[in-house]
Amino acid sequence: MRPGRTNGFILSLLALILTVGAQAQLGGDQLGTHDLTPSGSGQVKGSFSNACLYCHAPHGALSNSTPLWNQKLSVQTYNFYTSTTYHQTSVQPALNSPSKLCLSCHDGTVAPGQTVAFGTIPLTGTMKTTSVFGSDLKSSHPFSLQTPLVDSPNINTLLFGNPGKTADPTVHLVNGTIECTTCHEPHFQNIDKSLPLFLVRDSSNSTLCLACHDPTRVVNGQSNFLAGWGLSVHASASNTTSNSPYVGGYSTIAQNGCNACHMPHNASGPARLLRGPNELDCAACHSGTNTQPALLNVYSEFAKTGSHPPPVANNSHDRGEAGLLNNNRHATCVDCHNPHAAQPTTAFALPPGLRPSQNSTVGVSAADGITPVNPAVNQFEVCLRCHGTSSGKMVNVPLYGYLPVRLVSSGDPLNIVPEFALTATSSHPVVHDRSSVLPQPSLRNQMLQLDGVTSGRAMGTRIFCTDCHNADDNREFGGTGPNGPHGSKWTHILERRYEISQTLSPGGPISNLFPNPDLTGNGPYGMCAKCHDLNQIMTNTSFSNHADHINQGVSCSVCHSAHGMGGTNANVSGERLVNFDIQVVAPNGGTPIAYNRASNTCTLTCHGQTH
């Protein structure tokens, strides 16, 4: 037999052997898009009829590489995933590592069909762009890790054993590290029937991720930010998803699990592999679409007159940042919510504790406004991340409306820690119980619902920050919208209308006057009317000139601080939240501004009149 025919016979015999072997092993067209034959199901098709030969060759394959590798290998070096909460170190994969074999096609530097044993196999078609990762792998799940692995609270302890292994026998470590074949089986595309991505197992309900990540692990002194996952709404919600935008490919929120927010390759938000950076990740489901029954549209709240400010490109949330947000003022969903632990709020418990939607969030202690509380216990601790001692807060932003300047202040008008402190002369009872020293004749027994008529929650000894700063259509007080200070049609993200008097010069004529005002929940002081009976205030029980001031149209804001008195002053005791707005009132000649509760007298100049 001539040499040419001999080579042809051997090649035909090899093809027959590989074909029979492949059929015996795979039992049909299991290769899916990895079948590059003319009759294959992938976008890329070659001229060889044996699917195995595109990657493997019994003779003439690459030396010292397994398993009988035939595709030319990429010599590319890679940039790997990194973040402030990531503790491992990735190393360039060895040429004979499973990941390098996969990347010989999937980094896009070597075209499929560039074989060692058979030269270039002519191909038609191109790979999907989503299957090409390039050399910048910062947006892909870490692999090819330096061993031994570094312990981390959210990683299963089995990975640190000798030999290391995962919690699922179908998910294999390779030499103690994660490689492409830890999660992918390149010969079987449809093990997961919903996601035909060559996964080693059905990955619905986060099962593939939970083989390595352990939400139940407790490590002393370290925070497992996955804690609470098993009971969280994202792990249990049965709402169906339309996957428009794409949130994982499965039918329900619970089935998508981790995949709803994270993507293992080509993530839009590289740090923590988010599908969208910060709240864009959450918006996929929380914009009133994409789920049935539909989730409440939180994102419509951000378009209202007053809303928490979105982050900018150089000022976004980071999971590793400190509890106190110094010089990093932003308000993303995950500043106030932990998506791994959040549960639906189906009942409204009494203050001051966190609502279930804020489970396992970080807070700051009200005792000093500095010490982190992780996890936070009380709602106000979460608010104090930004609204306490932190520097770099946003001052005089027109979006939020007029900001009174108080006669007695701690210096930082946006630091509410001293205003609510136990040492404050008086304050709304957010951080501590309300005082029983002075009678409060105007205080209602029950707060009013948003309609200003119907009785709502009983008036206890504490209130929430969100009893005043809340959506104007929130569910807790009779509306149909989401709860919380996402946004409101009223300034300062107030739940209800509250008109604040202003002047062009201290002591001068007052603007924003509402003479003989409507005293119901729809009037200019509807926010105050939620808890205080304004008709009772008009009887002058606590101050002899209340009715005169209100009928003249002077706002509560001129004399009363909304939070508390964050300092001391010999002339103004601060009782009953009296702390004048010095942009409205002025000293009476050379006499300082003063208030005497015992005699119910004031000494000051206001709306051009001396008192």
Side-chain angles (χ1 to χ4, degrees), residues 30-38 40-48 51-56 62 65 69-82 90-116 120-145 174 178-192 195-200 203 208 243 245-249 259 262-277:
Q30 298 291 333
L31 285 174
T33 56
H34 282 170
D35 181 358
L36 305 185
T37 63
S41 60
Q43 288 183 295
V44 177
K45 300 182 185 298
S47 55
F48 279 17
C52 300
L53 295 179
Y54 293 88
C55 295
H56 306 284
L62 286 170
S65 68
W69 196 249
N70 192 24
Q71 167 77 6
K72 288 184 178 179
L73 293 176
S74 169
V75 295
Q76 186 64 259
T77 57
Y78 305 101
N79 296 318
F80 296 107
Y81 173 88
T82 184
S90 294
V91 295
Q92 295 298 323
L95 281 177
N96 63 345
S97 73
S99 296
K100 196 66 172 181
L101 305 187
C102 299
L103 288 168
S104 62
C105 285
H106 286 282
D107 73 4
T109 62
V110 180
Q114 304 298 307
T115 70
V116 174
T120 300
I121 301 174
L123 299 172
T124 58
T126 57
M127 293 175 63
K128 293 182 179 179
T129 55
T130 53
S131 299
V132 179
F133 310 133
S135 62
D136 191 350
L137 302 180
K138 292 194 292 291
S139 295
S140 289
H141 191 282
F143 68 99
S144 189
L145 308 178
V174 180
I178 297 170
E179 301 288 357
C180 296
T181 52
T182 299
C183 298
H184 298 283
E185 166 49 74
H187 303 102
F188 297 90
Q189 182 168 353
N190 296 314
I191 294 176
D192 187 321
L195 294 184
L197 299 174
F198 296 94
L199 300 176
V200 297
S203 189
L208 186 57
N243 276 302
Y246 189 78
V247 288
N259 280 327
H262 303 279
M263 52 194 303
H265 299 291
N266 293 331
S268 298
R272 285 155 284 277
L273 302 178
L274 298 174
R275 291 196 176 276

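In terms of heavy atoms, Phe143 sits closest to Pro93 at CE1-CG, 4.2 Å. Closest non-hydrogen pair, Tyr81 versus Pro270, comes out as CE1-O, 3.2 Å. Of all heavy-atom pairs spanning Ala51 and Thr37, the tightest one is N-CG2, 3.4 Å. Contact record, Val132 with Gly108: CG1-CA, 3.8 Å, taken as the closest heavy-atom pair.
At a threshold of 4.5 Å between non-hydrogen side-chain atoms, the residues Asn259 and Leu195 count as touching. Using a 4.5 Å heavy-atom threshold, the side chains of Trp69 and Asn96 count as separate. The shortest side-chain heavy-atom distance between Gln43 and Lys128 falls under the 4.5 Å cut-off. Side chains of Leu274 and His262 form a contact here, defined as non-hydrogen atoms less than 4.5 Å apart. Residues Gln71 and Leu101 have side chains not in contact (no heavy-atom distance under 4.5 Å, counting atoms from C-beta outward). Here the side chains of Pro112 and Cys105 are in contact, with some heavy-atom distance below 4.5 Å. Residues Asn266 and Phe133 have side chains in contact (heavy-atom distance under 4.5 Å, counting atoms from C-beta outward). Ile191 places none of its side-chain heavy atoms less than 4.5 Å from the side chain of Val200.
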Stepwise side-chain contact (heavy atoms from CB on, under 4.5 Å) test for His187 and Leu31: CA-CA 5 Å; His187 303 102; Leu31 285 174; 4.2 Å; yes

Stepwise side-chain contact (heavy atoms from CB on, under 4.5 Å) test for Leu145 and Ser90: CA-CA 4 Å; Leu145 308 178; Ser90 294; 3.5 Å; yes

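Legend: salt bridge (charged side-chain N to carboxylate O under 4.0 Å, His left out) pairs involving residues 129-139, not counting sequence neighbours, sorted by first then second residue: Asp136-Lys138. Identified under the salt bridge (charged side-chain N to carboxylate O under 4.0 Å, His left out) test for residues 268-277, with sequence neighbours left out: Arg272-Asp318. Listed by first and then second residue, the side chain to side chain donor-acceptor pair (under 3.5 Å) pairs that reach into residues 103-116 are Ser74-Asp107, Ser74-Thr109, Tyr78-Asp107, Asp107-Thr109, Gln114-Thr120, sequence neighbours excluded.
Applying the ring-ring contact (aromatic ring centres under 6.0 Å, His included) test to His141 and every residue at least two apart in sequence or in another chain returns nothing. With sequence neighbours excluded, the residues that form a ring-ring contact (aromatic ring centres under 6.0 Å, His included) with His184 are His265. Scored by the ring-ring contact (aromatic ring centres under 6.0 Å, His included) test, Tyr54 finds no partners at all (sequence neighbours excluded).
Here OG1 of Thr82 is found 13.0 Å from CG of Leu137. Values are rounded to the nearest 0.5 Å.
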